[in-house]
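A quick write-up on the structure given underneath.
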Amino acid sequence: MDVKRIEAKWQKYWEDHKSFKAEDNSDKKKFYALVEFPYPSGVGMHLGHIKAYAGLEVVSRKRRMEGYNVLFPIGYDAFGLPTENSAIKQNIHPRVLTDRNIETFAGQLKKVGFSFDWDRVIDTTKPEYYKWTQWIFLKMFEHGLVFRDKTLVNYCPSCRVVLSNEDSQGGKCDICHSEIVQKEKDVWYLRITAYADKLLEGLKKVDYLPNIKLQQENWIGKSTGAFVDFTIKEIGETLTIYTTRCDTLFGVTFMVIAPEHPLIRQYQDKIRNIDEIHQYQEMASHKSEFERTQLVKDKTGVKIDGFTAINPVNQEEIPIYISDYVMMGYGTGAIMAVPAHDDRDYEFAKKFNIPILPVIKGGDISTAAYTGDGEMINSGFLNGLKDKKTSIKKMLEYLEENKIGHQGTQYKMKDWAFNRQRYWGEPIPIVHCQYCGDVAVPYEELPLELPDIENFEVGTDGESPLAKIESFVNCKCPKCGKDAKRETDTMPQWAGSSWYFLRYIDPHNEKEFASYEKLKYWMNVDWYNGGMEHVTRHVIYSRFWYHFLYDLGLVPTDEPYQKRTAQGLILGPDGEKMSKSKGNVIDPNDIVEMYGADTLRTYILFMGDYGLEAPWNESSIKGISRFIDKVYHLKEKVISSDEYSKNLESLIHKTIKKVSDDIETMKFNTAIASLMTLVNKYNSVDAITKKDYEVLLKLFNPFAPHVTEELNEILGNKPICESSWPKYEESKTIDETFEMVVQVNGKVRGKITIDTNTSKEEMEQLAQQIDNVKIHIKEKEIVKIITIPKKLVNIVVKEIS
RNA sequence: GCUUGUGUGGCGGAAUUGGUAGACGCACAGCACUCAAAAUGCUGCGGUUUAUGCCAUGUGGGUUCGAUUCCCACCACAAGCACCA
């Protein structure tokens, strides 16, 4: 079998015939399958890409054969730091490098035989694409979803770039893994928090894998609680806190505010130990994320000398501390501390010798905080209540009646820091005018193109390279016409990928990001598959953009993705994550070269559960190669007949059912296993009919499209990609006989093959006639007999006493 | 620490609503073909045992006629979150 010739031949056929072109004006049912478009890095495709695409590749090929109009597109998410850094290193323009990398990727994707619609390829770095990224950004600006703020940001000194919280997890830069420092910067934000509730609500309507839904819910992190106003006696100022446990208000023995809380600066002359406070603030600001996590247990803080708070429910006077275990970014930056019933407050109180007052019965507050439920004590009008919900409700009523608090909601999700100080990204289309403020670039001037510059290296000041291009920076204010300066920061990498699935629908539209008509036909994405690592960032970001466009009436549905799944990683042969430094990277090109694309595709899907990680095994792949050889050589025993062989018919119908069902649930490994069983059976008989062979080729086609097309052509048939998916008859999947298992006390003691329609009574009788069963029930009392039709008989016996 | 997964032969992994544990593949062993090797085909392949049997799905309990599957506790690994009030 000349694998290389066969694969090249069919790849050319598909390209010449545009076999996988999605039709815009079709009365067929549509199916939109989406995979995460690759970042075209210099090293080319890795096995992970192939696994990520192979799943929906199989589904798409099956759908086409089932008569659907399938949109299965691909593109490139090509803006970003790695390309820019590599371009600087090699001293070539990122544009040149990007084009080169994309070419490499396209070549590799085609060699694997993916059935993408190559007429819809998009590249986020092309002005005709990012024009619309900027356009959507300006729409958000227009609707007040973009704002600028001076804040402490995560700054990577090595990449010289501001990072979002998501990009700097664990205090390390997501890109170069160096330590992040805090730095004050002008930051552009997208107000994603305005959509927190909608993003959460929307999850109820979609069909994401449960763990994916859960991760998104946790990321949004909604909590319901109460805002309560405390008063600071000395200055008469209100200090509002957020709590989820207002039922414990009577147990408050101190308060804590975040080190960055504005009250401190505002009233510094009223604070007697202000020097000590300043020292603490200084220390807290230098603590890296890493140190903070290491010191979770060890609470630090300083009492504010000069402030006393008054508990609004019982007028108790209590001290106020500052401590870095309270974060300015969540709630109000201030908490009421109930050490008897909160672990962190407990530790703090122990360390600073603050009284601990229990208000819920249960636990032992001399050793630990009690966070469970119980009867309310020491709590005025709440005393005696046993149910947490009722207590909270009662307290809320009290707070609202007396105007000292109200119910409220908080989210963990933060607004999205949306600017980067790098060249290779979409320019933010804003002009800074000293008279008019931040002014949007007019829509008709889009795209605001990246200037073609010689030196795009970042400056030491952390400014964008664009800041050095005077012809870019200096401009006229679109509003007043006076001299103004352009924003020089660019958008983060997540920008272009936040709406790309919409562009596939209408990739060449020059007037709109996509026509409503076409969106109406194609949306929603029926099935979106990608990496688990993108579930909390990209998927949430893009849902946010889509929700916004929906509110503007520009897209037809309220959620973009109907279904979302995720594939597991492919690990190195050593069971570790593949990485250059470990030297365990397998190059897909080598595998295609050695075994061919069909073997690679099939093996990747055969390795194990598609959703779980699995190690690469260099000898296991040989099994797939052998299997494909077997399929190939079956052609020598085909006899011409348009009927299934009688002795194979039942297995064929069962296999059609199994493969069809398994593809839908992404159980590709067992689908392939059942095809192997069928092939083994074919091999054990003297001859197979043309129809027997055809059905095998069709079922196997989504996995191994090249060789199956070739064999199908040898049979004299029209191409499989233009034929229909095999159907099975339910009645033919049922055997005439079955193997009845006979158990005594749950242990297997015998098996016999009997007619499928044997009655319960007959089964029980036959069971007791088996010799080995007789031995085990001899001289024992039969207590009862459990019979499962078409399966087993279990005889329960006990000793005769 | 919290949340969510996962734990089955030498290995990757199968096992409908609880009903034959180990499908399918790899590796290994024997045989056939060959001068020989590779490839291919056939046979075997959890442990123990003479067949009957007994023991085995991370560990310990429980529910059940029957548990890889359900419940409780614990252990290990992975991913996500990380003082979220």
Side-chain angles (χ1 to χ4, degrees), chain A residues 169-170 210-212 214-215 217-219 221-223 225-226 241-246 248 255-256 258 289 292-293 295-299 323-327 329-338 342-345 347-348 410-414 532-533 535-536 566 568-569 571 573 575 577 603 606-609 611-624 626-627 629-630 633 661 667 669-677 679-680 683 739-751 771-772 775-776 783-788 790-798:
Chain A
Q169 283 169 32
N211 55 332
I212 294 178
L214 205 77
Q215 267 200 36
E217 279 165 14
N218 290 343
W219 187 264
K222 182 177 180 169
S223 87
I241 58 95
Y242 175 74
T243 177
T244 52
R245 293 298 305 273
C246 64
T248 61
M255 297 185 77
V256 187
E289 192 87 16
R292 278 192 161 203
T293 53
L295 298 173
V296 164
K297 285 268 176 288
D298 193 16
K299 298 279 180 288
S323 173
D324 61 5
Y325 86 88
V326 174
M327 248 67 48
Y330 185 80
T332 61
I335 63 157
M336 64 177 214
V338 187
D342 181 280
D343 291 326
R344 293 150 304 171
D345 298 347
E347 282 156 29
F348 194 87
Q410 278 296 309
Y411 298 95
K412 283 190 206 172
M413 189 165 68
K414 309 243 181 359
M532 212 53 208
E533 69 276 17
V535 160
T536 46
L569 286 178
L571 304 173
K577 248 184 205 171
Y603 176 60
F606 182 65
M607 287 170 74
D609 187 324
L612 299 178
E613 53 183 33
W616 184 261
N617 186 311
E618 295 171 68
S619 54
S620 272
I621 194 171
K622 280 186 219 152
I624 298 294
R626 262 177 230 161
F627 171 64
D629 269 347
K630 281 188 202 170
H633 288 293
D661 293 351
K667 293 170 89 176
N669 52 340
T670 49
I672 294 164
S674 71
L675 288 171
M676 287 173 168
T677 307
V679 167
N680 290 343
N683 261 321
E739 191 176 55
M740 178 175 75
V741 173
V742 183
Q743 299 178 330
V744 177
N745 286 349
K747 298 214 162 167
V748 180
R749 299 300 181 191
K751 299 170 188 179
D771 287 344
N772 193 36
I775 296 169
H776 284 92
V783 182
K784 63 174 159 178
I785 300 178
I786 289 138
T787 308
I788 312 289
K790 292 171 197 168
K791 252 200 185 114
L792 62 72
V793 172
N794 185 15
I795 303 166
V796 185
V797 296
K798 68 170 187 186

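Side-chain atoms are counted along with the backbone in the values below, which use heavy atoms only and exclude waters and symmetry mates. Naming convention: chains lettered A, B, ... in sequence-line order (proteins, then strands); numbering from 1 in each chain. None of these values were measured; they are calculated from a predicted model.
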Look at the side chain of A/Q743 and the base of B/G19, then say whether one donor and one acceptor between them are separated by less than 3.5 Å.
yes

A/N794 has its side chain closest, among B/A85, B/G13, B/C65, to B/C65

Gap in Å between the two C1' atoms, one belonging to B/G13 and one to B/G19, rounded
22 Å

Take A/T243 and A/M607, find for each the nucleotide of RNA chain B with the closest heavy atom, and name the residue whose nucleotide sits nearer the 5' end.
A/M607

Is it the case that the side chain of A/S620 and the backbone of A/W616 share a donor-acceptor pair, with hydrogens and angles ignored and the cut-off at 3.5 Å?
no

Quick check on B/G25: is either OP1 or OP2 less than 4.0 Å from any side-chain nitrogen or oxygen of A/N680?
yes

Among B/G19, B/C24, B/A14, which nucleotide sits nearest the side chain of A/D609?
B/A14

Going by modelled atom types, is there a donor-acceptor pair between the base of B/C83 and the side chain of A/K299 at under 3.5 Å?
yes

Pairwise C1' distance for B/U3 and B/A82, with rounding to whole Å:
11 Å

Choose from B/G13, B/G25, B/C84 the nucleotide whose nearest atom is closest to any side-chain atom of A/K414.
B/C84

To the nearest 0.5 angstrom, please state how far the OH atom of A/Y325 sits from the CD1 atom of A/I335.
3.5 Å

Base, sugar-phosphate, or nothing for A/K667, non-hydrogen atoms under 4.0 angstrom?
sugar-phosphate

Just how far, in rounded Å, is P of B/G25 from OH of A/Y603?
14 Å

Under 3.5 Å on both distances, the Watson-Crick or G-U partner of B/A29
B/U43

Is A/K751 close enough to B/U20 that one of its side-chain N or O atoms is under 4.0 Å from OP1 or OP2 there?
no

I'd like the P distance from B/G22 over to B/A38, given in whole Å.
32 Å

Write down the distance between CG (A/L675) and P (B/C24), rounded to a whole number of angstrom.
14 Å

Base B/U3 paired with A/Q215 side chain (donor-acceptor, <3.5 Å)
no

In whole angstrom, give the distance that lies between atom CD of A/E347 and atom P of B/A85.
16 Å

Taking syn as within 90° of 0 and anti otherwise, name the glycosidic form of B/G13.
anti

Residues A/G331 and A/Q410: closest non-hydrogen pair is N-OE1, 3.2 Å

Interatomic distance at P, B/C84 relative to B/A67, whole Å:
43 Å

Find the distance A/L571:CG to B/A79:C1' and express it as a whole number of Å.
12 Å

Taking only the side-chain heavy atoms of A/H776 (C-beta and beyond), determine which of B/C84, B/G53, B/C24 contains the nearest atom.
B/G53

Between B/C65 atom P and A/N745 atom CG, what is the distance in whole Å?
11 Å

How many whole angstroms separate atom CE of A/M676 from atom C1' of B/G12?
12 Å

For A/R749 and B/U20, is the shortest distance between a side-chain N/O and OP1 or OP2 below 4.0 Å?
no

For A/V797, is there any backbone N or O sitting under 3.5 Å from a side-chain donor or acceptor partner on A/N745?
yes

Expressed in whole Å, how much space separates the C1' atoms belonging to B/G58 and B/C75?
7 Å

With respect to A/Q743, which candidate in A/N794, A/V796, A/V793, A/I795 satisfies the side chain to side chain contact (heavy atoms under 4.5 Å, CB included) definition?
A/N794

Could you give the CD1-to-P distance, from A/I786 to B/G66, as a whole number of Å?
8 Å

Given B/G5, B/U3, B/C65, which nucleotide is nearest the side-chain atoms of A/N218?
B/U3

C1' atom, B/C11 versus B/G60: distance in rounded Å?
28 Å

Looking at B/A85, B/G5, B/U20, which one has an atom nearest to any side-chain atom of A/E739?
B/U20

Nearest-neighbour nucleotide for the A/T670 side chain, B/A27, B/A14, B/A85 considered:
B/A14

P atom, B/U4 versus B/C74: distance in rounded Å?
15 Å

What's the gap between B/A15 and B/C2 when it is taken at their C1' atoms, as a whole Å value?
33 Å

Would you classify A/L214 as touching base, sugar-phosphate or nothing, given that sugar-phosphate means primed atoms plus P, OP1 and OP2, and contacts are heavy atoms under 4.0 Å?
sugar-phosphate

So what does A/D343 touch, heavy atoms closer than 4.0 Å: a base, only the sugar-phosphate, or nothing?
nothing

Complementary nucleotide for B/A73 - Watson-Crick or wobble, under 3.5 Å:
B/U59

Looking only at non-hydrogen atoms, find the nearest pair between A/K299 and A/E347 and report the distance.
NZ-OE1, 3.2 Å

So what does A/K630 hit on the nucleic acid, given a heavy-atom distance under 4.0 Å: a base, only sugar-phosphate, or nothing?
sugar-phosphate

Working for side-chain contact (heavy atoms from CB on, under 4.5 Å), residues A/K630 and A/N680:
CA-CA 9 Å; A/K630 281 188 202 170; A/N680 290 343; 3.6 Å; yes

What does A/F606 touch in the nucleic acid at a heavy-atom separation under 4.0 angstrom: a base, only the sugar-phosphate, or nothing?
base

Does A/Y330 put a side-chain nitrogen or oxygen below 4.0 Å from OP1 or OP2 of B/A85?
yes

Need one value for A/D342: base, sugar-phosphate or nothing, where a base atom within 4.0 Å counts as base even if backbone is also close, heavy atoms only.
nothing

Value for CE (A/M607) from CD (A/E613), rounded to nearest 0.5 Å, stands at 10.5 Å

Taking only the side-chain nitrogens and oxygens of A/R626, find out if one of them lies under 4.0 Å from OP1 or OP2 of B/C26.
yes

OP1 or OP2 of B/C55 under 4.0 Å from side-chain N/O of A/K747
yes

Counting side-chain heavy atoms from C-beta on, which of B/A85, B/C26, B/G12 comes nearest to A/P615?
B/G12

Need to verify one output field. Residue with the more 5' nearest nucleotide on RNA chain B, A/N669 or A/K622?
A/N669

What are the two closest non-hydrogen atoms of A/G225 and A/Y242, and how far apart are they?
N-OH, 3.2 Å

Under a 3.5 Å cut-off for both distances, is B/G80 Watson-Crick or wobble paired, and to whom?
B/C2

Nearest listed nucleotide, side chain of A/R344, among B/C84, B/U20, B/A85:
B/C84

Can you measure A/M336 atom CE to B/A85 atom P for me and round it to whole angstrom units?
12 Å

Steps toward side-chain contact (heavy atoms from CB on, under 4.5 Å) verdict (A/I672, A/Y603)
CA-CA 9 Å; A/I672 294 164; A/Y603 176 60; over 6 Å; no

Checking B/G25, B/A85, B/A27 against the side chain of A/S620 (C-beta onward), the nearest is B/G25

